[in-house]
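Proteins get letters first, then strands, A, B, ... in listed order; numbering begins at 1 in each.
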Protein chains: 4
Amino acid sequence: MIVNHIINGVESPNFETHSTSPIYNPATGEHIRDVVLADTATREHAIASAEAALPAWRATGMAKRSHIMFKLREIITSRSEELARIISEEHGKTLADAHGEITRGLENVEFCAGLTHHMKGEYLQQAAHGIDVHQSRQPLGVVACITPFNFPAMVPLWMITTAIAAGNTVILKPSEKDPSAANWIAAAFRDAGLPDGVLNVLHGDQHTVEYLLETPRVKAISFVGSTPVAKAIYSSASAAGKRVQALGGAKNHMVVMPDADLDAAADAAISAGFGSAGERCMAISVVVAVGNIADELVEKIVQRAHQITLGVYDDPKTDMGPVITRQSLERITTFVAEAEKHGATVVVDGRDWDRTHLNPNGYFIGPSIIDHVSAGMPCYDEEIFGPVLCIARVDNYAQALEMINSNPYANGTAIFTRDGRTAREFEVGIEVGMVGINVPIPVPIGAFSFGGWKNSLYGDTHMYGPESFHFYTRRKVVTTRWPLPDESQINLGFPTN
Amino acid sequence: MIVNHIINGVESPNFETHSTSPIYNPATGEHIRDVVLADTATREHAIASAEAALPAWRATGMAKRSHIMFKLREIITSRSEELARIISEEHGKTLADAHGEITRGLENVEFCAGLTHHMKGEYLQQAAHGIDVHQSRQPLGVVACITPFNFPAMVPLWMITTAIAAGNTVILKPSEKDPSAANWIAAAFRDAGLPDGVLNVLHGDQHTVEYLLETPRVKAISFVGSTPVAKAIYSSASAAGKRVQALGGAKNHMVVMPDADLDAAADAAISAGFGSAGERCMAISVVVAVGNIADELVEKIVQRAHQITLGVYDDPKTDMGPVITRQSLERITTFVAEAEKHGATVVVDGRDWDRTHLNPNGYFIGPSIIDHVSAGMPCYDEEIFGPVLCIARVDNYAQALEMINSNPYANGTAIFTRDGRTAREFEVGIEVGMVGINVPIPVPIGAFSFGGWKNSLYGDTHMYGPESFHFYTRRKVVTTRWPLPDESQINLGFPTN
Amino acid sequence: MIVNHIINGVESPNFETHSTSPIYNPATGEHIRDVVLADTATREHAIASAEAALPAWRATGMAKRSHIMFKLREIITSRSEELARIISEEHGKTLADAHGEITRGLENVEFCAGLTHHMKGEYLQQAAHGIDVHQSRQPLGVVACITPFNFPAMVPLWMITTAIAAGNTVILKPSEKDPSAANWIAAAFRDAGLPDGVLNVLHGDQHTVEYLLETPRVKAISFVGSTPVAKAIYSSASAAGKRVQALGGAKNHMVVMPDADLDAAADAAISAGFGSAGERCMAISVVVAVGNIADELVEKIVQRAHQITLGVYDDPKTDMGPVITRQSLERITTFVAEAEKHGATVVVDGRDWDRTHLNPNGYFIGPSIIDHVSAGMPCYDEEIFGPVLCIARVDNYAQALEMINSNPYANGTAIFTRDGRTAREFEVGIEVGMVGINVPIPVPIGAFSFGGWKNSLYGDTHMYGPESFHFYTRRKVVTTRWPLPDESQINLGFPTN
Amino acid sequence: MIVNHIINGVESPNFETHSTSPIYNPATGEHIRDVVLADTATREHAIASAEAALPAWRATGMAKRSHIMFKLREIITSRSEELARIISEEHGKTLADAHGEITRGLENVEFCAGLTHHMKGEYLQQAAHGIDVHQSRQPLGVVACITPFNFPAMVPLWMITTAIAAGNTVILKPSEKDPSAANWIAAAFRDAGLPDGVLNVLHGDQHTVEYLLETPRVKAISFVGSTPVAKAIYSSASAAGKRVQALGGAKNHMVVMPDADLDAAADAAISAGFGSAGERCMAISVVVAVGNIADELVEKIVQRAHQITLGVYDDPKTDMGPVITRQSLERITTFVAEAEKHGATVVVDGRDWDRTHLNPNGYFIGPSIIDHVSAGMPCYDEEIFGPVLCIARVDNYAQALEMINSNPYANGTAIFTRDGRTAREFEVGIEVGMVGINVPIPVPIGAFSFGGWKNSLYGDTHMYGPESFHFYTRRKVVTTRWPLPDESQINLGFPTN
């Protein structure tokens with residue numbers, strides 16, 4: 001079976017070539033279907049389709065747009081099991097986790113349902129004598145959203161929904177590893193009443209991405225992926241004069257203070273470290289144990305790690321599924337295999353996990369825990385994006401802060417403490433965009449926006465929520481006078497009202 | 001006399017070299033002083049100074065910061081004549097025009113005085129059970145503002161004031177053609193109580209700009225200048241991973257509808273076309289006469305143009321001063337000289353102007369009006385940035401709209417009409433960032449933000465006012481729980497609140 | 001059949017008495033059912049039920065509350081035909097009009113679905129050294145909403161939805177003339193997942209209203225009705241120390257300028273004057289013809305009026321239904337009958353209308369148009385609330401403005417013109433809360449709020465939309481420090497941060 | 001000397017009568033001057049003056065209004081010593097405390113300086129096809145501000161400044177006990193450029209208050225005073241159909257948790273309990289000691305109380321001045337004298353204080369501390385408004401919460417703790433409008449608004465800051481269409497866009 005493009009409301013194969021990329025079920029290693037990779041003519045067709053849909057869409061009344069968002073939420077909510085299965089089959093995550101992804105993706109649909117409020121500008125009567133000023137939010141035109149494999153439904157919903165709500169038309173380029181969710185979403189939008197051509201799904205590889213970055217017909221780029229690619233995309237799209245937001249990788253630290261509830265902290269470390277096999281940009285990858293609680297904390301985490309059951313997404317006993325590809329499996333395995341060589345201690349080894357009930361061709365590896373980790377070790381310095389939790393031990397809070405603020409990534413972080421002052425100091429002092437106080441994965445709810453700092457986000461605007469309307473609109477300011485004929489005079493000075 | 005840097009609160013010569021650039025009085029052509037051009041060591045010193053001032057400044061309470069802004073306004077207001085003379089002497093604009101510039105620059109100081117309001121984030125209690133979320137605005141670090149010659153006080157005040165209000169420390173790199181206003185402003189900030197090192201003025205040329213774009217120690221770039229340079233700066237700063245807003249050139253059209261009051265329209269065309277010798281990015285450079293009123297309108301504009309008196313900035317009879325440099329004078333002259341060759345009609349020729357009372361070495365040229373202009377002619381296609389007003393004639397409103405929307409620049413525009421429907425159609429249909437309805441130079445008041453579209457602004461955030469606080473801050477979102485010990489459990493699913 | 005209360009999620013008869021009030025079908029005059037009138041014990045039970053539900057409801061997470069609003073919209077949208085029939089049968093308006101009412105009522109449900117945004121407060125870090133400030137929105141407790149007969153679904157949805165969204169629990173006291181829609185809405189809320197006791201429908205008469213105004217257990221009152229009652233309610237509820245918003249009557253003028261499109265103006269006058277038989281507080285009741293277009297305008301309006309078909313709500317040929325009660329019919333008839341005596345001219349007499357196809361016991365009267373009306377005549381001075389359109393003739397715009405600004409009512413108004421300056425002058429000069437420019441019934445969309453001025457609204461906060469969240473919450477401001485032990489000192493001066 | 005009215009910019013005696021009220025220096029008991037009490041003709045003159053100034057003032061451009069606010073701040077800042085002496089002489093508080101009052105009053109001037117932002121409404125283009133909606137803030141007309149003796153400069157600045165900024169004209173009725181500060185402020189406004197008649201100071205007693213409440217020429221009432229008067233004013237002004245905010249008394253509790261820093265808590269109790277002799281509506285009047293720290297805490301507070309020096313305002317050694325009147329002194333003395341009779345323990349008796357260096361006719365009483373206080377005792381149940389600090393002892397946090405939430409007053413409260421969870425529980429659970437976490441007097445900074453709950457504020461809108469612009473404006477919503485002639489049709493259904 002071929003996963004085709006969705007262009008102008010219809011499933012569309014390539015125009016010229018038959019280039020495809022295989023899709024695997026990570027739990028079995030089976031090649032289950034193929035996704036088409038766009039050729040040039042198809043890319044142009046997709047953009048032309050978005051351009052053609054633009055004038056009518058941007059002129060569509062706000063109330064009508066809003067009603068499509070309400071309907072979309074209704075559709076996705078009532079058919080979420082379908083979408084969850086599509087996600088899980090191609091990605092490997094458990095159904096429960098896929099449902100969680102959908103719920104969080106829906107938060108931005110819910111936020112966009114309020115577009116009659118969020119699209120408002122400001123108005124000031126009598127700014128100066130007889131002069132009124134107002135400002136409105138206008139769409140940019142055709143925009144492209146390039147989304148990663150790890151959240152094949154949530155990240156598209158975080159981007160395209162606002163882009164559409166704001167009156168733009170969209171090219172969605174999902175990951176070629178699990179592209180089917182994007183097509184399902186496009187169908188849901190269509191069922192909700194979105195006119196054809198407003199949302200187009202264009203499958204492709206790096207060449208399609210480059211095309212989207214370069215063509216002047218695409219006005220803005222939203223991207224989520226690894227930091228090196230995010231930085232390259234930011235640079236290329238900017239060189240083409242576009243506005244761009246490019247979200248990159250992460251290395252999220254969770255500080256556990258001596259006064260913390262260690263059981264709760266251990267629970268949180270397990271949930272946030274191994275959920276979705278660690279393939280989340282908000283996963284906790286380093287626990288920073290402060291002071292003399294380290295041994296006890298590690299013991300509690302290790303105990304819990306051993307309870308985790310590897311398995312297939314639709315087995316209710318499964319806690320954790322496979323990783324996304326064979327290459328990823330090998331890369332993760334290497335980090336664990338070489339950790340001791342670099343001076344760390346592997347206290348739980350994911351390679352030892354019981355996989356007898358699993359397909360040996362699946363990309364499974366159990367949870368690993370590496371203790372005594374520090375900067376300079378590959379397992380600390382690099383984003384592993386797998387079920388590997390590092391433990392760093394520091395003497396005091398100041399060292400914990402220093403460690404995190406020295407890291408080039410700055411997506412998320414958390415602290416576990418009971419002390420009000422410590423929490424406030426952490427909140428103020430930490431140079432990270434999303435912070436949890438006793439919350440291990442502080443993904444903001446949909447009414448706030450998502451974004452890291454430093455190498456975790458390039459651009460000045462975060463994703464989804466209020467900032468997203470900033471990104472996907474350009475503001476127009478209108479200054480108005482309705483003078484009487486005799487009020488006019490020449491004045492070459494700069495107008496000062 | 002040498003105009004030196006202001007670094008860490010003190011006037012600072014270069015460390016290593018003695019490179020300078022001459023400053024001329026445009027009204028006389030005299031070389032009146034020199035500005036130092038930063039060498040590498042001095043650049044690093046300036047940045048080090050800004051870095052050293054950062055921790056204390058960003059920790060300074062909002063009330064205290066706000067009081068500095070109030071004091072700054074008081075100082076600039078009470079000493080504006082001093083600043084106006086500095087501007088006019090190096091730039092050539094009339095004192096009245098310089099005062100206008102100061103007044104508009106102060107609008108952003110006034111906006112920033114309200115920083116206790118503008119720096120607020122949002123707070124939501126009980127987002128989910130026991131979970132609160134809030135968001136705050138945090139400074140970026142050291143930021144650089146690179147400003148143009150045409151508004152040597154206003155544009156710096158539009159940038160640096162917000163950058164400082166938001167808790168950043170700043171490198172201001174003003175134009176080397178009229179750099180003294182920047183130093184005056186730095187002194188005013190200091191007198192207002194700004195700690196040393198928070199605002200540093202670094203003089204220099206293109207090499208200094210490149211340095212600021214590239215060094216990772218500078219976190220953000222604000223720029224105003226010509227479109228080619230703006231685009232290059234956007235590209236370079238983005239390649240270095242920074243956030244950047246780069247405002248470029250303009251070609252602002254003023255549409256005159258058949259129902260307009262032609263006297264008022266002619267007054268406006270003169271004021272907006274020739275004020276500051278046309279050296280404003282919001283100057284009107286093309287009047288678009290719609291329908292059969294063109295002859296009458298042109299006649300009225302021509303009559304008024306002949307009344308304009310060229311002169312020196314402090315002569316109260318002066319309407320219009322010289323242009324900024326000899327090269328600029330020559331470039332402008334060429335546009336007028338060659339206009340007829342390209343098919344246009346020069347109905348007023350600025351070269352014919354009476355200059356007998358003026359220093360023959362001054363860079364003076366009178367107002368020029370070129371009629372029957374259309375796309376493809378250099379005087380239409382290029383930004384002249386001088387006292388040259390083009391007239392285009394179209395048959396109807398649709399052609400006027402088409403002409404403006406086809407232009408790559410999209411900074412400002414205006415329409416003159418009495419009809420409500422026409423005004424609304426123009427407001428909705430025109431693809432330009434700042435629009436005037438019967439207002440020829442629609443620079444938004446300081447409580448709104450300034451920004452063009454298309455090739456007139458690269459980035460997603462406008463200058464001064466509310467958007468400026470978006471640009472100069474990064475948002476931090478904090479999700480908080482204070483659980484009881486027994487509330488914890490492991491959940492590897494994606495958190496859905 | 002008895003229409004009972006809905007208390008704590010169940011249909012509830014009275015506790016002690018069997019007092020009821022009859023409900024009639026206005027199209028037939030038939031007594032179709034009865035509504036129970038609350039006795040004291042039942043009132044107390046309703047309030048106790050709301051009080052009991054309060055702690056859990058106000059602690060409910062925002063996301064959960066929001067999801068109930070989304071579900072409610074889904075239910076009302078999919079079952080709107082049911083609700084429309086209930087409205088029309090008891091009120092008499094056409095089904096199309098009832099659907100219109102539902103759609104507009106849903107706008108506030110849609111706005112409230114965004115409560116995770118609208119319930120946000122503000123947060124400021126480091127207001128002063130070490131001091132943070134934030135503000136949150138908290139519910140008031142048990143609130144009462146008292147709604148009128150003319151929009152038995154829309155006005156309840158405009159009030160209770162926000163009250164509930166904000167975390168309050170509610171007593172809804174609908175009109176006893178058409179109370180069934182309120183019960184339907186309560187059931188819809190319940191189906192949407194609202195916990196029992198959060199919304200209680202308490203039927204009753206004036207005594208129940210007085211009880212709600214006086215009891216200290218109800219914290220706030222929202223009311224829509226006639227001006228004398230609104231004023232009395234404002235006074236009584238305030239005397240009991242409560243917050244209250246009380247919306248009263250209207251006399252809405254529509255100015256037609258000489259430059260207006262008279263056909264469009266006549267269409268608008270008919271639609272806005274006779275829709276829902278004039279029983280809307282935003283109906284146009286006076287057309288103000290400016291200058292010499294009056295005769296032509298009146299002729300066009302009269303022509304159109306004669307096309308209107310009186311009829312029963314479910315007859316597709318019906319344009320206009322009956323009025324609400326026999327008393328109302330008689331009162332309206334009197335205004336028309338006595339108009340000529342006061343010096344006006346009845347140019348269309350609703351008493352002459354063809355009613356042969358109608359039940360003679362129905363409360364039908366056709367459209368009436370009274371020309372040459374002026375202040376001092378009862379048909380001008382009083383709110384008729386029926387299908388009677390007055391025409392006033394003035395010489396110029398200034399007289400039109402003066403007439404409207406002299407009127408004690410100030411709910412809505414409209415102007416028809418093509419001139420931008422006239423529109424702006426009207427917008428600025430008119431002392432009325434809701435203004436239409438070429439829009440005859442300017443009910444704001446749900447993202448703005450609804451409210452008149454002067455005798456049309458008592459209180460400082462408008463209904464639905466953003467202001468409604470102001471009314472139904474009280475703000476709590478928290479100032480926080482987490483000092484070190486040695487930071488403390490005594491200071492008896494007033495704290496200045 | 002007579003303190004006269006300021007009407008229409010000039011000092012004005014009464015028209016008809018010569019009624020006056022004496023002003024005393026509380027530190028000496030001397031009758032130092034008299035204040036005129038308005039007669040009817042003078043009241044009408046003041047209102048007529050405000051009415052006459054209204055049209056021009058509300059039409060004044062926002063920028064111009066804003067510049068007056070900036071200038072006002074400059075004047076008050078540079079001449080604050082003058083104002084402080086006026087305050088202290090008539091009120092008795094120390095100069096340092098008077099300066100604190102001025103600084104906090106200025107915060108609202110600073111907030112209002114940003115009126116070009118705060119007066120903005122909202123704008124939505126294309127709400128439906130061809131329909132735009134916008135909303136603006138309009139002044140109410142003539143408004144009255146009635147202010148208390150305890151902050152004779154701050155409270156006026158909290159009210160009148162916003163009222164004026166919003167375009168209203170104002171009658172300020174200050175306390176007759178210390179009326180001179182109001183006159184000084186009116187002069188400062190005038191020097192700042194405020195046109196005559198915009199701000200009028202009308203001195204008077206209860207009869208003048210009643211007049212202002214009743215006359216329909218005054219559109220809104222702001223009041224701060226005791227709860228019984230606040231409630232009466234809320235009732236009367238509402239009965240006259242006005243909008244009103246009436247702030248009443250307080251009984252502010254400060255909870256000290258067992259984990260608190262007791263030295264810091266004792267410092268805070270002293271500062272907040274005895275500053276301004278306890279005559280602040282945000283003073284702490286009850287310390288609630290939780291658990292077994294009570295004895296130690298009381299000991300620390302008592303020790304500190306004994307250090308307090310009674311004295312005259314301009315003696316730098318003075319910590320605390322006299323109370324406002326002889327009657328007040330007697331009333332306070334009685335609370336202390338009878339406390340033991342009701343079962344409490346007087347651990348520090350203010351009657352014993354050293355007053356040998358003071359004028360025996362001054363209204364001096366030292367700090368008193370009453371331990372073992374509980375509900376039912378007059379010193380707990382009533383607002384003492386003097387230097388009397390009560391101590392209540394409870395076993396646990398739940399009892400502390402219950403005690404505060406049972407109190408009819410709900411202005412301010414504070415908790416001292418180091419625990420994040422306790423702070424969050426208190427913030428969420430406490431039914432009080434202004435809350436301090438380790439901050440004893442949590443008066444919100446000027447960018448937030450001030451307001452208590454329950455019997456501490458009647459109305460739905462708080463004082464100063466953002467909510468103040470809500471109170472002093474009424475919103476106007478404009479819905480606009482500019483249709484083509486052939487777009488019109490009749491539709492009697494309710495418009496649904």
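A donor-acceptor contact under 3.5 angstrom links the side chains of B:Gln138 and B:Ser136, judged on distance only. There is no side-chain donor-acceptor pair under 3.5 Å between B:Arg58 and B:Thr60. A donor and an acceptor atom, one from each side chain of B:Ser468 and B:Asn108, are nowhere located under 3.5 Å apart. If you check the side chains of B:Asp132 and B:Thr480, you find no donor sitting under 3.5 Å from an acceptor.
Contacts with chain B were tallied for D:Ala447, D:Ala113, D:Ala423, D:Gly446; D:Ala447 has the most, counting heavy-atom pairs under 4.5 Å. Heavy-atom pairs under 4.5 Å with chain D peak, among B:Gly465, B:Pro466, B:Gly130, at B:Gly130. Among D:Val428, D:Leu106, D:Thr77, D:Thr422, the residue with the largest count of heavy-atom pairs under 4.5 Å with chain B is D:Val428.
Interface remark: D:Leu484 contributes backbone and side-chain atoms alike to the contact with chain B (heavy atom separation under 4.5 Å). Neither the backbone nor the side chain of B:Glu425 comes within less than 4.5 Å of any heavy atom in chain D.
Checked against a 6.0 Å centroid threshold, the rings of B:Phe70 and D:Phe70 count as neighbours.
Between B:Glu427 and B:Arg424 there is no salt bridge, since no side-chain nitrogen of the basic residue lies less than 4.0 Å from a carboxylate oxygen of the acidic one.
Heavy-atom neighbours of chain B within the stretch residues 114-124 of chain D, taken at a separation under 4.5 angstrom, comprise D:Thr116, D:His117, D:His118, D:Lys120, D:Tyr123.
Once rounded to the nearest 0.5 Å, the distance linking CE of D:Met159 with OH of D:Tyr464 reads 12.0 Å.
Both the sub-6.0 Å distance and the 45° axial angle are satisfied by D:Arg65 relative to the ring of D:Trp57.
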